[in-house]
Amino acid sequence: MKSPKILLFDLDGTLLRDDKTLSEYTLQTLSKCRKHGYLIGISTSRGEQNCLVFLKEMKPDILISSGGALVRRNDKIICSSAFSVRETNSFIASARELCGTDCEITVDTLDAHYWNYKTDPKEQDKSWGDSIYTDFKDFPYEALKICMEIPDPHLAQKLCEHFSDLDSRRFSDGDWYQFTKSGITKEKAILAICDACHVDAANIIAFGDDFADIGMLKMCGVGVAMGNAIKEVKDIADVITLSNEEDGVAAYLEKWLC
């Protein structure tokens, strides 16, 4: 690959341990990399406000959130793409017609993360931080990303067919689907970052573990799969490191860069 300039990390199952913390070893290693001149980037399906909860000790130079719908370099928004208020409500209404009025939904907006879970997700997983409960009736905000739990994949496909201007991805750990505006991916976000930073994708080392990371790992100079990654990610990766529980990111960086 070309000389690396950007290090780009997925969060869940990659940079974060299973308890949603960053180990001291990982933080120290990232600090060393930054001193060596590497830009530190995050590329995650989580909404921006939610993922910042984990990054208080390492403010990233680059932040790709909501699966690529919002892209920042430092404090500047490079690009964003959201469903309009009308589109957001139309999609939620169609989803409830197809999947039932009680289907579980989350929405990322520019400023917050909203949910209608039957049980408070913060009781199950404190990493959801300041998520806001809503019934999504006449929801007044533009949605960067909408996620829904849909046990039947045929219904998910049927929902997509109702709308021409959206893309969907399934998460590997359950029946949850992510919906964004058409063409919104981590790969497209990376191209925007490359333009803003005046680098090539070949100058990026990317780390990931799930379906949404496959395109990112394939397009960057080096794609590193975590030891806990799904088979599909490992199959396309250039390198497989240790698992997130074993600080696989730090182990790779210590060996090759620091």
Side-chain angles (χ1 to χ4, degrees), residues 1-46 51-52 54-65 68 71-76 78 185-210 212-230 232-258:
M1 68 171 292
K2 293 183 179 179
S3 177
K5 296 180 180 178
I6 298 175
L7 308 177
L8 195 57
F9 311 101
D10 176 48
L11 276 181
D12 296 276
T14 301
L15 197 62
L16 299 178
R17 287 184 164 182
D18 290 345
D19 64 0
K20 308 305 180 187
T21 62
L22 278 164
S23 74
E24 190 60 34
Y25 175 35
T26 294
L27 285 169
Q28 290 175 357
T29 304
L30 292 175
S31 180
K32 287 182 186 177
C33 289
R34 186 168 261 153
K35 288 176 182 176
H36 279 79
Y38 300 110
L39 295 177
I40 305 298
I42 300 297
S43 179
T44 177
S45 291
R46 284 184 181 262
C51 69
L52 287 174
F54 312 107
L55 305 174
K56 294 175 182 177
E57 295 177 270
M58 58 146 290
K59 187 176 180 181
D61 305 292
I62 294 160
L63 181 53
I64 297 169
S65 58
V71 186
R72 285 187 192 268
R73 182 178 181 189
N74 298 320
D75 294 325
K76 181 181 178 182
I78 302 300
T185 61
K186 290 185 177 184
E187 302 93 275
K188 184 175 180 180
I190 289 168
L191 292 176
I193 287 296
C194 286
D195 187 54
C197 296
H198 307 292
V199 301
D200 191 86
N203 298 116
I204 301 174
I205 302 177
F207 298 73
D209 72 299
D210 208 344
D213 303 317
I214 289 175
M216 174 174 79
L217 267 59
K218 289 173 72 174
M219 80 176 295
C220 291
V222 174
V224 183
M226 305 304 294
N228 52 286
I230 60 174
E232 290 86 345
V233 173
K234 290 180 177 178
D235 286 346
I236 59 88
D238 300 300
V239 182
I240 300 174
T241 187
L242 300 176
S243 73
N244 64 318
E245 283 291 276
E246 301 168 294
D247 295 324
V249 165
Y252 176 89
L253 295 175
E254 280 275 334
K255 182 176 181 180
W256 295 107
L257 298 181
C258 295

_Nearest heavy atoms of D238 and G221, plus distance in Å_ = OD2-O, 3.9 Å
*Is a side-chain donor-acceptor pair under 3.5 Å present for S243 with E246?*
yes
*Does E245 use its side chain to pair, donor to acceptor, with the backbone of D18 at less than 3.5 Å?*
yes
*Donor-acceptor pair, side chain of D19 and main chain of T21, under 3.5 angstrom*: yes
*Assess the side chains of T29 and T26: does a donor N or O sit below 3.5 Å from an acceptor N or O?*
no
*Any donor-acceptor N or O pair under 3.5 Å, side chains D209, T14*: yes
*How many angstroms lie between atom CG of D12 and atom NZ of K20, to the nearest 0.5 angstrom?*
3.5 Å
*Could you pull out the closest heavy-atom pair between K234 and A229, with the gap in Å?*
CE-O, 3.4 Å
_Within the structure provided, determine whether D61 and R34 are in side-chain contact (heavy-atom separation under 4.5 Å)._
yes
_Looking at every non-hydrogen atom in both residues, tell me the closest pair between M226 and V249 and how far apart they are._
CE-N, 3.8 Å
*Within a strict 4.5 Å, meaning less than it, do heavy atoms of the P4 and Y38 side chains meet?*
yes
*Parallel, tilted or perpendicular for Y252 and W256, by the 30°/60° rule?*
tilted
*Between C33 and L7, is any pair of side-chain heavy atoms under 4.5 Å apart?*
yes
*Is there side-chain contact between L15 and F54, with at least one heavy-atom pair below 4.5 Å?*
no
*CG/L16 to CG/L11 distance, rounded to the nearest 0.5 angstrom?*
5.0 Å
*Apply the test side chain to side chain contact (heavy atoms under 4.5 Å, CB included) to residues N203 and C220: give CA-CA distance (whole Å), side-chain angles for both, the deciding distance (0.1 Å), then the verdict.*
CA-CA 7 Å; N203 298 116; C220 291; over 6 Å; no
*asked:* So, taking the atom named CD1 in I190 and the one named CD1 in I6, what distance separates them when rounded to the nearest 0.5 Å?
replied: 9.0 Å
*Kindly give the heavy-atom pair with the smallest separation between T241 and A251, and that separation in Å.*
OG1-CB, 4.5 Å
*For the pair D200 and K5, find out whether any cationic side-chain nitrogen is under 4.0 Å from an anionic carboxylate oxygen.*
no
*asked:* Tell me whether K218 is salt-bridged to E187, with the criterion being a basic N under 4.0 Å from an acidic carboxylate O.
replied: no
*asked:* Apply side chain to side chain contact (heavy atoms under 4.5 Å, CB included) to residues L191 and M219 and explain how you reach the verdict.
replied: CA-CA 10 Å; L191 292 176; M219 80 176 295; 3.6 Å; yes
*Calculate, to the nearest 0.5 Å, the distance between atoms OG and CD1 belonging to S65 and I42 respectively.*
11.0 Å
*D210 and D10, any side-chain heavy atoms less than 4.5 Å apart*: no
*Indicate the atoms forming the closest heavy-atom contact of G208 with L217, along with that distance.*
N-CD1, 3.8 Å
*Side chain to side chain, R72 and I62, heavy atoms closer than 4.5 Å*: no
*Which heavy atom in S23 sits nearest to a heavy atom in D247, and how many Å separate them?*
OG-OD1, 2.9 Å
_From F207 atom CZ to N244 atom CG, the distance as rounded to the nearest 0.5 Å_ = 13.0 Å
_Before you tell me yes or no, could you show the steps for I205 and V224 under side chain to side chain contact (heavy atoms under 4.5 Å, CB included), namely the whole-Å CA-CA distance, both residues' side-chain angles and the distance that decides it to 0.1 Å?_
CA-CA 7 Å; I205 302 177; V224 183; 3.9 Å; yes
*asked:* Salt bridge or not between K59 and D75? Use side-chain N to carboxylate O under 4.0 Å.
replied: yes
*Can you find a pair of side-chain heavy atoms, one from K32 and one from E254, that are under 4.5 Å apart?*
yes
_Test side chain to side chain contact (heavy atoms under 4.5 Å, CB included) applied to M216 and I204, step by step_ = CA-CA 10 Å; M216 174 174 79; I204 301 174; over 6 Å; no
*Between atom CG of L30 and atom CG of L22, what is the distance when rounded to the nearest 0.5 Å?*
7.5 Å
_Using side-chain heavy atoms (C-beta onward) and a distance below 4.5 Å, is I64 in contact with T44?_
no
_Test: K186 and D213 ion pair at under 4.0 Å_ = yes
